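Following: one structure in structure tokens, then a few remarks.
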Number of protein chains: 2
Amino acid sequence: MVYRRTPKMQSRIDAAREQIVTAAHRLVAESGYGGTGIPDIAKEAGVSTGSVYVHFPSKTALFSEVYQRASRHEIEAFREVAEAHGTARERLARMVETFARRALAGRKLAWALLVESVNQEIDAERLRFREPYRAIIEDVINEGINADEFVYQDARVTSMCIVGAIVEALVGPLSNALETDEEGRLVDSLTQVCLRSAGPINSEPRG
Amino acid sequence: MVYRRTPKMQSRIDAAREQIVTAAHRLVAESGYGGTGIPDIAKEAGVSTGSVYVHFPSKTALFSEVYQRASRHEIEAFREVAEAHGTARERLARMVETFARRALAGRKLAWALLVESVNQEIDAERLRFREPYRAIIEDVINEGINADEFVYQDARVTSMCIVGAIVEALVGPLSNALETDEEGRLVDSLTQVCLRSAGPINSEPRG
DNA sequence: TTAAGAATTGAACTCCAGTTCATTCTTTTG
DNA sequence: CAAAAGAATGAACTGGAGTTCAATTCTTAA
């Protein structure tokens with residue numbers, strides 16, 4: 001008459017955990033962190049409030065996992081572009097476009113990941129989320145420097161700046177959707193700014 | 001036997017209000033928004049908790065005023081640099097440096113004004129705080145475009161990006177102070193990135 | 001089948017910053 | 001000076017989100 005956790009039971013538990021993370025993801029993508037309570041998540045996942053706390057010690061911990069998963073996915077897409085063929089300049093342009101376009105495609109989630117005010121812990125999470133992007137950009141810039149595409153520079157600072165620039169340019173549009181053509185123009189301009197920030201570019205004709 | 005508010009009384013009231021705002025300012029500059037409660041402010045201002053609510057309908061409203069004042073001061077300094085003599089490029093460089101240096105000189109306050117997580121209302125305040133900087137930068141860029149110093153571009157987007165770049169580059173250093181020389185290097189690099197982002201620059205020798 | 005122990009439940013609880021308001025103190029004016 | 005009205009006080013309250021835990025249900029193994 002002893003109970004031991006069997007594989008079957010384990011997979012039930014794992015499934016519940018998965019349900020919770022998935023539900024949380026869906027709800028953040030809909031209402032952000034602040035608009036999503038634990039009871040909401042539990043309901044959406046088909047479990048009880050208490051169960052959530054069996055799997056995660058706190059709301060912050062749960063969202064930390066949600067953010068990390070969402071990040072990993074996004075960052076893989078980003079890295080693919082960074083490692084594709086082409087000059088550093090071409091790749092950097094595509095990277096900026098990819099970042100911006102994907103963020104605008106999932107506005108609420110991107111907003112939650114990039115800018116939503118929450119608390120210090122989640123803020124730290126956010127900074128950690130931005131870091132991989134920065135690092136990837138830094139690498140491409142360094143490649144560009146070595147290939148004489150970009151002037152010599154502190155690629156670390158430039159990459160930070162590019163991340164900051166993209167986020168700042170997206171803050172508004174993430175809250176209030178743009179028309180398709182406006183979005184296109186924004187992404188184009190943003191790409192141009194980021195390319196210039198990394199180094200010299202042939203000057204374009206005026207007006 | 002009717003009481004009417006006399007000039008003397010009015011100035012008492014105004015003085016109290018002023019004390020409150022000043023106290024709040026001091027405390028934010030020390031502990032940020034989150035670390036500063038209304039009772040703390042009341043104590044520091046030498047009034048009661050309730051009095052704070054006579055002058056301001058909410059904590060948010062009070063801080064809104066504190067932020068606006070701090071902003072006005074900063075933005076005036078910024079505008080002065082923007083309107084000084086020199087080419088657009090020279091002025092832009094000084095603007096970036098001014099912004100960064102002043103922020104780093106009052107780290108906690110700058111952090112509260114620029115990046116501290118609070119709530120949507122204060123977030124909106126923050127965006128409003130950034131806007132004047134952006135607009136001033138936009139003007140200088142447009143002057144630079146007209147003077148053929150910068151390539152033709154959407155100055156609105158570039159100015160957003162510059163604000164975002166500066167803030168992103170400062171987020172870390174605002175939390176954990178840098179050594180003086182590190183700070184100098186950061187400001188230099190940041191300035192270079194921002195100048196490049198606005199337009200062509202003579203390429204620097206490598207390595 | 002049944003007892004032991006694990007998993008789940010969800011109503012109730014905690015916590016705490018922001019806010020309130022009955023009371024007290026001040027000022028004005030007849 | 002006394003009455004009326006305003007200003008100030010600060011202990012107590014509140015609201016709501018996050019969290020807990022006694023009770024219940026389910027699973028295992030003898």
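All values reported here derive from a predicted model rather than from experimental measurement. We name chains A, B, ... by the order of the sequence lines, and we start the count at 1 in each one.
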Please tabulate, for the side chains in residues 26-37 of chain B, all donor-acceptor contacts under 3.5 angstrom to protein atoms that are two or more places apart in sequence or on a different chain.
| from | atom 1 | to | atom 2 | distance (Å) |
| --- | --- | --- | --- | --- |
| B/Arg26 | NE | B/Glu44 | OE2 | 2.6 |
| B/Arg26 | NH2 | B/Glu44 | OE2 | 3.3 |
| B/Thr36 | OG1 | B/Leu27 | O | 3.4 |
| B/Thr36 | OG1 | B/Gly32 | O | 2.7 |

By a strict heavy-atom criterion of less than 4.0 Å, which residues belonging to residues 13-34 of chain A are in contact with DNA chain C? A/Ile13
Lys/Arg N to Asp/Glu carboxylate O, A/Glu182 vs B/Arg156, below 4.0 Å: no
Ordered by number, residues from residues 38-51 of chain B within less than 4.0 Å of DNA chain D (heavy atoms) are B/Val47, B/Ser48, B/Thr49, B/Gly50, B/Ser51
Going by an N to O cut-off under 4.0 Å, is there a salt bridge joining B/Glu125 and B/Arg128? yes
Those residues at least two apart in sequence (or on a different chain) that pass ring-ring contact (aromatic ring centres under 6.0 Å, His included) with B/Tyr53 are none
Between A/Glu18 and A/Arg69, does any NZ, NE, NH1 or NH2 come within less than 4.0 Å of an OD or OE carboxylate oxygen? yes
All N/O contacts under 3.5 Å from nucleotides 22-27 of chain D to the protein, with atom names and distances to one decimal?
| from | atom 1 | to | atom 2 | distance (Å) |
| --- | --- | --- | --- | --- |
| D/dT27 | OP1 | A/Arg12 | NH1 | 2.2 |
| D/dT27 | OP1 | A/Arg12 | NH2 | 2.9 |

Between B/Arg134 and A/Glu168, is the closest basic N to carboxylate O distance under 4.0 Å? no
A/Glu116 bridged to A/Arg126 by N-O distance under 4.0 Å: no
Looking only at heavy atoms, which two atoms of A/Phe56 and A/Ile20 are closest? And how far apart? CE1-CG2, 3.9 Å
Please check if the distance between the ring centroids of B/Tyr133 and B/Phe99 is under 6.0 Å. yes
B/Gln192 and B/Asp188: side-chain donor and acceptor closer than 3.5 Å? no
Separation of C/dG30 P from B/Arg4 CZ (nearest whole Å): 10 Å
Any side-chain N or O of A/Arg5 less than 4.0 Å from the OP1 or OP2 oxygen of C/dA7? yes
Is any NZ, NE, NH1 or NH2 atom of the basic residue among A/Glu65 and A/Arg17 found under 4.0 Å from an Asp or Glu carboxylate oxygen of the other? yes
Minimum heavy-atom distance between B/Arg101 and B/Gly184, given as atom pair plus value: NH2-CA, 3.4 Å
Do B/Glu131 and B/Val163 come close enough that some side-chain heavy atom pair is under 4.5 Å? no
Using a 4.0 Å cut-off on heavy atoms, which residues in residues 52-71 of chain A reach DNA chain D? List them by number, or say none. A/Tyr53, A/Ser58, A/Lys59
